[in-house]
Amino acid sequence: MSEQESYCAAQCKKERLLLSGNEAVALAACHAGIALAAAYPGTPSTEIMEEIAVLGGPSQWSPNEKVAYEVALGAAFAGARAMVAMKHVGLNVAADPLFTSTYTGVSGALVVVSADDPGMASSQNEQDNRRYAVAAGIPMLEPSDSQEAYDFTFLAIELSERWRIPVMLRITTRVCHAKASVCPHAKPDTPTAAHFEHDIKGRVMIPGYARPAHKRLRAKLAEILAWNEASGPNREIEGSPSLGIVSAGIAYVHAREAAPDASFLKLGMTYPLPLERIRAFVQTVGRCVVIEENDPYLVDAIRAAGINVEGKADMYRFDELNVGRVRRILDNDLSPEFVAPPGKPPQLCPGCPHRTVLSVLSRLDCIIAGDIGCYTLAVLPPIEAMDTCVCMGASVGLGLGMRHVLPRDEAKRVVSVIGDSTFVHSGITGMVEMIYNPPKTGHVLLILDNGTTAMTGLQEHPGTGRNLKHEPTGRLIVEELARTLGIKRVHVIDPTASVPAFQKLMEETLASEELAVIVTRKPCSLAAKKIEAYEQAARMCNG
Amino acid sequence: MGKGNVTNVVFAGLGGQGVLKASDILSDAAFAAGFDVKKSEIHGMSQRGGSVTSDVRYGPEVFSPMVPIGESDFLVALDSTQITPAQHYLKEGGVLIAPDLLLKEGQDLDDLDQDPTTPITKRGFNVALVGVLSAYLDLPDANWREALHGNLPAKTHALNDEVFAIGRAIGLKRKQS
């Protein structure tokens with residue numbers, strides 16, 4: 001037994017914790033002495049930053065995932081260990097720095113946590129971010145449970161430092177939000193202090209420097225592949241030679257249960273893919289099936305290498321997997337699946353200010369370009385007041401686009417509706433578009449300011465003037481931003497104080513055919529008491 | 001299932017009823033008793049008054065964190081409307097623990113807070129149902145108490161202990177009948 005292994009074994013006897021995958025990632029980040037962790041809240045990733053803060057670590061909310069990624073990358077350029085976390089669609093926002101950061105590499109370590117949501121428990125799509133690893137050339141680790149979430153966070157840091165490259169930790173809803181046993185056995189680590197070294201050709205990606213940087217990336221990936229083939233976090237579980245299963249992530253634990261007698265090749269690092277290891281495994285078994293959620297990422301790559309494996313029928317590409325569905329895949333069962341009776345859909349809370357706003361817009365027969373947040377629930381009965389919802393911030397551009405092309409009587413009914421946190425995330429550039437390319441009928445942008453990021457569980461954002469730990473900091477005042485941009489009609493109103501007054505304001509504003517921003521300001525009913533307490537704590541500090 | 005027998009419990013209720021708290025109490029009690037435990041839940045949209053379920057599985061070794069359809073030993077429903085949407089998890093011969101076990105005839109969950117004859121409140125209903133469940137599970141008393149206290153605020157410990165005990169007594173009686 002190596003020194004590290006015997007240390008682990010001793011630790012496991014001492015301590016055993018029941019942690020969610022998110023808590024395990026946070027614990028590992030703290031044990032590894034991470035210097036900076038940044039994110040924008042997004043289900044199922046949100047608790048990682050919150051837990052780091054609970055553990056006394058350095059986590060922060062950023063305005064959006066792109067900024068969070070850049071801040072973390074800057075820290076890693078300066079030689080520190082850094083982490084950025086986001087939900088799967090957050091990586092779309094951060095894709096710009098992602099794709100070039102694999103060229104530049106890092107001096108310290110950068111762990112990119114992508115929390116995917118197969119089955120869309122709380123998302124607008126079920127994109128499979130394993131595709132990003134291939135597209136951007138970022139090594140990818142896929143934990144199957146909380147223990148691996150802990151272990152692979154350390155491994156990601158180790159690999160990132162060894163090859164000076166960002167490393168992706170790809171987790172999914174059922175890893176993030178499932179609790180399982182964790183032995184926090186890593187030796188406490190003290191990383192070297194941050195220090196800047198000039199590396200102009202490595203960090204300034206003009207074409208002349210980026211061309212060799214791309215070649216360096218491919219050379220690094222070739223080395224990492226060789227390492228993954230020989231000693232990556234992939235293991236075989238011996239079983240019956242008649243059935244072999246290749247799997248990774250959460251799909252692996254479902255498969256172990258569905259086929260307890262099968263032989264397994266359980267992959268921990270799924271990019272660069274250890275195809276020779278897979279080829280060798282497949283040769284030892286009769287039938288070999290690849291079990292993976294959503295896209296046929298593994299099976300396509302394995303088949304392209306000329307290895308004979310089975311995948312899953314297209315019907316299993318949709319939604320998350322579970323033990324029953326894996327059994328069906330293995331049985332080639334294509335019969336219709338059981339459909340559970342519908343539960344009760346979520347709804348806006350009693351007393352929620354969004355109810356008032358959206359009900360008035362519905363009464364005025366508005367065409368509502370909506371956005372992402374609690375207010376999206378207004379699409380469901382009984383309010384049913386939302387016409388579009390695509391991605392964070394889209395309400396502004398979508399509303400403007402409709403205004404530009406619709407006939408005047410329809411165009412003047414279009415409004416954009418966005419929450420305060422979502423506005424800071426991606427609505428600001430839309431507001432700039434509004435003054436730069438104003439529609440002939442003007443436009444009405446409603447910013448639903450409930451003083452919190454409610455949908456993901458009441459997180460702070462730059463508009464609240466408090467940081468992740470709820471301490472006072474600089475505040476973005478949205479109405480001042482609108483005025484600064486030259487919007488003449490800027491109103492701030494509590495829509496619940498007088499519904500007729502709010503409705504009258506809406507009618508006047510829509511009729512004016514000018515550019516208008518209406519900030520409906522009323523704290524979220526779940527957050528109001530907490531906000532009061534934070535404000536009081538801040539006053540005590542100052543006084 | 002992993003090695004040996006795994007006990008499967010599905011909790012079903014509505015957002016705000018304490019479904020996740022109930023499943024945390026069971027998970028912690030089973031974990032403290034030395035079992036391998038996995039617990040699964042869905043955050044996000046379900047928090048807004050919609051259906052919420054949480055799965056707890058424990059035994060010598062647990063693989064999937066989700067209870068397979070038709071394999072749950074217990075279905076603990078915190079709201080009677082949530083039995084139908086979750087019934088398919090229960091195995092044949094599995095035990096349904098439903099709200100009416102703790103309610104008088106014609107009594108509604110909302111009436112509980114006005115009933116002076118019971119310390120069980122609407123808010124403490126999840127703990128009472130976990131008490132009923134505890135009668136069916138072979139987990140040590142000390143682990144239950146520790147799990148209750150670890151998950152609930154200190155000033156409510158005495159009341160919750162009482163509510164849990166009432167649920168447990170009802171569970172023991174029902175188990176024998």
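Just so it is clear, the structure is predicted and the values come from calculations on it, not from any experiment. Below, read A as the first sequence line, B as the second, and so on, with proteins coming before strands; counting in each chain starts at 1.
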Give, for atom CZ of B/Phe63 and atom CG of A/Asp145, the distance between the pair rounded to the nearest 0.5 Å.
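If we round to the nearest 0.5 Å, B/Phe63:CZ and A/Asp145:CG are 10.0 Å apart.
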
Give, for atom OG of A/Ser181 and atom CZ of B/Phe35, the distance between the pair rounded to the nearest 0.5 Å.
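It is 13.5 Å, given to the nearest 0.5 Å.
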
Between B/Ser27 and A/Leu18, is there a side-chain heavy-atom distance shorter than 4.5 Å?
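Yes - at least one pair of side-chain heavy atoms lies under 4.5 Å apart.
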
Passes salt bridge (Lys or Arg N to Asp or Glu O under 4.0 Å), A/Glu257 versus B/Lys38? Steps please.
CA-CA 13 Å; A/Glu257 183 162 338; B/Lys38 283 194 178 168; over 6 Å; no

Expected output: side-chain B/Ser51 to main-chain A/Lys344 donor-acceptor under 3.5 Å
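Pair found, side chain donor or acceptor close to backbone of A/Lys344.
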
So what's closer than 4.5 Å to chain B heavy atoms on A/Pro345: side chain, backbone, both or neither?
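Contact with chain B involves the backbone of A/Pro345 alone.
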
Below 4.0 angstrom, N of the basic side chain to O of the carboxylate: do B/Glu41 and A/Arg174 qualify?
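No, no charged N to carboxylate O under 4.0 Å.
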
Point-to-point distance, once rounded to the nearest 0.5 Å, from CD1 of B/Ile69 to CZ of A/Arg327:
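Answer for the CD1-CZ pair, B/Ile69 versus A/Arg327, is 10.5 Å.
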
Contacting region of A/Leu380 [heavy-atom separation from chain B under 4.5 Å]
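Neither part; nothing is under 4.5 Å.
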
CG (B/Asp138) with more than 12 external heavy atoms under 6.0 Å:
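Counting other residues, nucleotides and ligands, CG of B/Asp138 stays at 12 neighbours or fewer.
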
Interface residues of residues 84-107 of chain B facing chain A - non-hydrogen atoms under 4.5 Å apart
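So far as heavy atoms go, B/Thr84, B/Pro85, B/His88 are the residues that approach chain A to under 4.5 Å.
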
Do any of residues 153-168 of chain B come closer than 4.5 Å to chain A, heavy atom to heavy atom, and if so which ones, in number order?
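The residues closer than 4.5 Å to chain A amount to none at all.
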
Steps toward salt bridge (Lys or Arg N to Asp or Glu O under 4.0 Å) verdict (B/Glu61, A/Arg256)
CA-CA 11 Å; B/Glu61 187 180 23; A/Arg256 271 303 291 282; 5.3 Å; no

Check whether any side-chain heavy atom of B/Pro65 lies under 4.5 Å from a side-chain heavy atom of A/Ile250, and answer yes or no.
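With C-beta onward as the side chain, the pair touches.
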
Just so I know, are the side chains of B/Pro68 and A/Asn322 near enough to count as touching, which here means a heavy-atom distance under 4.5 Å?
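No. Closest side-chain heavy atoms not under 4.5 Å.
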
Please examine the side chains of B/Asp24 and A/Lys179, heavy atoms only from C-beta on, and report whether any two atoms are closer than 4.5 Å.
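A/Lys179 reaches B/Asp24 side chain to side chain.
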
Which bit of A/Leu321 comes within less than 4.5 Å of chain B, counting heavy atoms only: side chain, backbone, both or neither?
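Just its backbone gets close to chain B.
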
Please flag which part of A/Cys374 lies under 4.5 Å from any non-hydrogen atom of chain B: side chain, backbone, both or neither.
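For A/Cys374, the side chain is the part near chain B, not the backbone.
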
